Amino acid sequence: MSDATLPGLFERAAGSAKGVRFLGADDDAPLRGYAELLERARRTGAALAALGVVPGDRVAIVLPTGIGFYDAFFGASSIGAVPAPLYPPVRLGRLREYLDRTAGMLRGCRARIVVTDRRIARVIGRAVAAAGPPLGLVTLERLVADGGEPSGSGRPAVPERSAEPHPDDVALIQHSSGTTGRPRPVRLSHRAVLANVDAIRARLREAHPEPRDEHAAVSWLPLYHDMGLIGCVITAMAHPVDLTLIPPERFIARPAAWLRAVSRYRATVSGAPDFAYSYAAERVTDAELEGVDLSSWLVALNGAEPVTAGAMERFASRFAPFGFRRSALTPVYGLAEATLAVSFSDPSAPYRTIRLDREALVRDGVARPLATGPDPTASTLVSVGTPLPGVTVRVVGPDGADTAEGVVGRVLVGGDSLHEGYDDELDCTGPILEWLDTGDTGFVLDGELFLYGRARDVIVLRGSKYAPQDIEHAVSRLDGVRAGCVAAIGAADAPGHEEQLVLLAERARGRASTGDDALADSLRRAVVSTTGLECGRVVILEPGTLPRTSSGKIRRGETHRRYLAERLDGPGSAGPVTLLGEAVRSTLALARLRRGGTDSS
C-alpha cells in the first residue's frame with residue numbers, strides 16, 4: 001500500500017517498535033504498539049463495512065481521547081471511508097447549543113453514520129436524529145464486539161480491504177474552528193495531509209537532527225482538533241515516535257499532568273495553544289513538580305490562537321528551575337484549510353518579539369519598530385516564523401497586490417497542503433485553490449510573518465483599526481476577571497450611530513455579582529492606560545456565557561450577534577435531573593430514527 005495515504009502510513013508505522021500510550025487517571029500507562037493499534041483498527045473497519053459503510057462514506061466520530069478514537073478513525077480509513085471527527089459534549093450547561101451545532105456539523109459533512117460510545121450516546125441522540133444519517137448511530141462498544149478477536153496468527157480476522165485509496169482521495173473531514181462563523185467541514189486529501197506532515201517533520205529535523213529513537217511526544221490536545229490529530233497523532237505515526245496522550249479534561253483539572261508526562265516519558269516535542277502556557281504557569285504548584293525534569297523538551301509549539309509574549313515569558317520563567325529552556329518555545333501559525341501548519345519560528349532559537357508604535361499600526365497599518373525603553377502604549381507582537389517547505393505566504397492589500405515589508409494586509413497561503421473545498425458546498429468538485437485567503441491580517445518583517453488579527457474581527461473606531469486581542473490582553477489578567485474570557489467588539493448603541501468599543505468580560509468563578517460595577521470600572525481604566533481607548537460600554541457576564549469554539553476560543557462573530565440581539569445569557573443547569581431528562585430525550589430520538597431508517601445502536 002502507498003505511503004502517500006493514511007492507511008499506508010499506518011502500515012509502515014506498524015513495522016516499528018513505537019506506539020501510543022493513553023494516560024488515564026494517573027501518570028502511568030502501557031505503550032500500545034502501532035501493530036496492535038493497526039489490527040484493532042482493521043477489525044473495527046470490517047465491522048463498519050458489515051453495517052453498510054463503503055469507500056467515500058463520511059463517518060462522523062464523536063469520541064474522547066483514548067484507544068477507541070484510533071479504532072474508529074483509522075478503522076474508517078482502512079476501508080476507504082472518510083472519518084470526520086466532531087467534539088464530544090464538554091460544556092453541559094450549553095447542551096442545547098451543542099446539540100444544535102452538532103446536528104449542523106453532521107448535516108454539513110454529509111455523515112452516513114455516527115460512531116460514539118455508550119456514555120455520549122445518552123446525550124447526543126437528538127442531534128443525530130435531527131441530522132438523519134442514513135446508517136444512524138453505532139456505539140464503539142458494538143463495533144469492537146462485532147469486529148471479533150484477532151486470529152491466533154496475530155493477523156486481523158478480517159477480509160482484506162476492498163479498495164486502496166488514491167493519494168488524491170479525501171482522507172478526512174476537519175472542521176474549521178468557527179471563530180468568526182459556523183464550523184466548516186474542510187475536505188483534506190491524503191496527499192495534502194501527508195505533504196503538511198512531511199513539511200512539519202522537515203522543519204523539526206532541520207532544527208533537531210538527533211536520531212529518530214531519541215525523540216518522543218506528549219499531547220493533551222483534543223483529537224478532533226487539527227493540532228491534536230494531524231500535528232500530534234499523524235505526525236508521530238509518520239516519524240514514527242512514541243506518543244503519550246492525555247485527555248484534555250485531565251489537563252484542565254490538573255495541568256501538572258502535562259509537565260509530569262513530558263518529564264516521565266522524556267518527551268522532546270509537545271505543543272499547546274497560548275492560553276495553556278499561562279494556565280500551567282499560574283496553576284501548577286511546586287509540590288506537583290517534585291522530581292520533574294523538563295530538560296528533554298526541545299520544541300514547545302505554541303499555536304491555534306494568537307500567540308502572546310506574556311504567556312510565553314510567564315511559562316519560561318516559572319519552569320526554568322525545572323530544566324525548561326526558553327529556546328524551546330516555538331510560535332507557529334496554521335489553519336484547517338491549509339491542513340494544519342503554515343509557518344514555524346525556528347525551533348532551535350529563542351522566539352522573536354517586536355515592539356511597535358501602536359498609533360502607526362492602528363492608524364496607518366504600518367509596523368514601525370520602537371527603540372528599546374519603557375512605553376506602555378507600545379504593541380508587542382510575536383513572530384510566527386517563516387513558511388514551511390512547500391508552503392508560500394503572501395500579504396496583499398485591498399487591490400490584491402503584495403504589500404511592502406512591514407505593511408499590514410490580508411494573509412494568503414499557497415502550497416501542496418491546501419484543502420479541496422468544503423463538504424457543505426452544493427458543488428463539491430470545484431477547482432483546487434491557488435491561493436487561500438486565510439481571513440487573517442498581518443505583515444512580513446525581515447522575512448518573518450507577524451499576525452495582527454482576524455479581518456472580520458477588526459474594530460474600526462473613528463477611522464482607525466484595532467485588533468480586539470490587543471484590548472482583551474490588556475484586561476484578561478485583572479483580578480475578578482475569568483482568565484481568557486474577555487471579548488472586545490465594536491457596536492453602535494443605535495442604528496446610524498457611530499460604532500463604539502464594547503467590552504464583554506466574564507467574572508471569575510465564585511465572585512459575587514455585587515462587585516460588578518467596581519470590576520467594570522477597573523476594566524475601563526486598564527483599557528485606557530494600555531491602549532488609550534475609551535470603552536463605550538463594559539458588560540460583566542456570568543462565567544460560561546461567552547460562546548466558544550470546540551478548541552475553547554471565543555467566537556467573536558457569534559458574541560457580536562448575541563450582544564446585538566440581547567441574548568448573552570449564562571449557561572443553564574447541568575445537574576443530574578437535567579442530564580437524566582436529556583438521556584430520555586436522546587433515547588426516544590434514536591428510537592424514532594431507527595424506525596425511520598437503518599440505525600444500529
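As the structure is a prediction and not an experimental result, all values here were calculated from the model. Numbers here are sequence positions counted from 1.
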Student: Using the test side-chain contact (heavy atoms from CB on, under 4.5 Å), find all partners of Val269 that sit at least two apart in sequence or belong to another chain.
Tutor: Val299, Leu301
Student: Please name the pair of heavy atoms, one in Val408 and one in Val395, separated by the smallest distance, quoted to 0.1 Å.
Tutor: C-CG1, 4.4 Å
Student: I'd like to know whether Glu305 forms a salt bridge (charged side-chain N to carboxylate O under 4.0 Å, His left out) with Arg548, so could you lay out the CA-CA distance, the side-chain angles of the two residues, the decisive distance to 0.1 Å, and finally the verdict.
Tutor: CA-CA 13 Å; Glu305 64 184 19; Arg548 294 176 174 273; over 6 Å; no
Student: If you look only at pairs with a residue in residues 378-391, which of them pass as a salt bridge (charged side-chain N to carboxylate O under 4.0 Å, His left out), with sequence neighbours excluded?
Tutor: none
Student: If you take the centroid of each ring, where Trp contributes its six-membered ring, are Trp258 and Tyr279 closer together than 6.0 Å?
Tutor: no
Student: Mind checking whether Phe315 and Tyr277 have ring centres under 6.0 Å apart?
Tutor: yes
Student: Do any side-chain atoms of residues 336-344 form donor-acceptor pairs under 3.5 angstrom with protein atoms, and if so which ones, sequence neighbours left out?
Tutor:
unit_1: Glu337; atom_1: OE2; unit_2: Tyr422; atom_2: OH; d: 2.9
unit_1: Thr339; atom_1: OG1; unit_2: Ser417; atom_2: O; d: 2.7
unit_1: Ser343; atom_1: OG; unit_2: Val384; atom_2: O; d: 2.8

Student: Kindly write out the residues that satisfy salt bridge (Lys or Arg N to Asp or Glu O under 4.0 Å) with Asp440, not counting sequence neighbours, or none if the list is empty.
Tutor: Arg454
Student: Within the structure provided, determine whether Asp437 and Arg410 are in side-chain contact (heavy-atom separation under 4.5 Å).
Tutor: yes
Student: Specify the closest pair of heavy atoms between Thr386 and Gly447, including all atoms of both residues, with the distance to one decimal.
Tutor: CG2-O, 3.5 Å
Student: Please lay out, stage by stage, how Arg101 and Tyr87 fare under the test side-chain hydrogen bond (donor to acceptor under 3.5 Å, both in side chains).
Tutor: CA-CA 10 Å; Arg101 281 169 65 83; Tyr87 63 104; 3.2 Å; yes
Student: Give every residue pair that meets the salt bridge (charged side-chain N to carboxylate O under 4.0 Å, His left out) criterion with at least one member in residues 216-237, sequence neighbours excluded.
Tutor: none
Student: Tell me, do Ser263 and Asp293 make a side-chain contact under 4.5 Å, heavy atoms counted?
Tutor: yes
Student: Check side-chain contact (heavy atoms from CB on, under 4.5 Å) between Asp516 and all other residues, then give those that pass, not counting sequence neighbours.
Tutor: Arg507, Ser513, Ile540
Student: So do Leu436 and His419 actually touch side chain to side chain, heavy atoms under 4.5 Å?
Tutor: yes
Student: Would you give the length of the straight line joining atom CG of Leu361 to atom CG of Leu381, rounded to the nearest 0.5 angstrom?
Tutor: 6.5 Å
Student: How long is the span from the CD atom in Glu542 to the SG atom in Cys485, to the nearest 0.5 Å?
Tutor: 12.5 Å
Student: Which residue is it: Asp27, Asp242, Asp28? I am looking for the one with a salt bridge (Lys or Arg N to Asp or Glu O under 4.0 Å) to Arg264.
Tutor: Asp28
Student: Could I get the full list of side-chain contact (heavy atoms from CB on, under 4.5 Å) partners for Ala467, not counting sequence neighbours?
Tutor: Tyr452, Gln469, Asp470
Student: State, yes or no, whether a side-chain contact exists between Ser348 and Glu206 at a heavy-atom distance under 4.5 Å.
Tutor: no
Student: Which residues satisfy the side chain to side chain donor-acceptor pair (under 3.5 Å) test with Thr559, sequence neighbours excluded?
Tutor: none
Student: Does Ser270 reach the main-chain N or O of Val218 with its side chain, forming a donor-acceptor pair under 3.5 Å?
Tutor: yes
Student: Can you sort out the partners of Arg326 under side-chain contact (heavy atoms from CB on, under 4.5 Å), two or more places apart, ordered by chain and number?
Tutor: Glu313, Ala316, Ser317, Tyr351
Student: To check you understand the geometry: which heavy-atom pair defines the closest contact between Leu461 and Leu533, and what is its length?
Tutor: CD1-CD2, 4.1 Å
Student: Above 12 or not: heavy atoms from other molecules or residues under 6.0 Å from CG of Asp479?
Tutor: no
Student: Minimum heavy-atom separation for Leu523 to Ala505, with atom names?
Tutor: CD1-CB, 3.8 Å
Student: Mark yes or no: Arg21 above the aromatic ring of Tyr265, with NZ or CZ under 6.0 Å from the six-membered ring centre and no more than 45 degrees from the axis.
Tutor: yes
Student: Closest heavy-atom contact between Tyr34 and Ser16?
Tutor: CD1-OG, 4.1 Å
Student: By the salt bridge (charged side-chain N to carboxylate O under 4.0 Å, His left out) test, which pairs, at least two apart or in different chains, include something from residues 268-283?
Tutor: Glu282-Arg477
Student: What pairs of residues pass the salt bridge (charged side-chain N to carboxylate O under 4.0 Å, His left out) test when at least one of them lies in residues 519-539, not counting sequence neighbours?
Tutor: Asp521-Arg524
Student: Distance check, rounded to the nearest 0.5 Å: Leu541 atom CG versus Leu546 atom CG?
Tutor: 5.5 Å
Student: With rounding to the nearest 0.5 Å, note down the distance linking OH in Tyr466 to CD1 in Ile459.
Tutor: 10.0 Å
Student: Nearest 0.5 Å, what's the OG1-CZ distance between Thr308 and Phe275?
Tutor: 12.0 Å
Student: With sequence neighbours left out, what residues match Thr514 under side chain to side chain donor-acceptor pair (under 3.5 Å)?
Tutor: none
Student: Please report the closest heavy-atom contact between Arg318 and Asp286, naming both atoms and the distance.
Tutor: NH2-OD1, 2.9 Å
Student: For residues Leu223 and Leu245, determine if any side-chain heavy atom of one lies less than 4.5 Å from a side-chain heavy atom of the other.
Tutor: yes
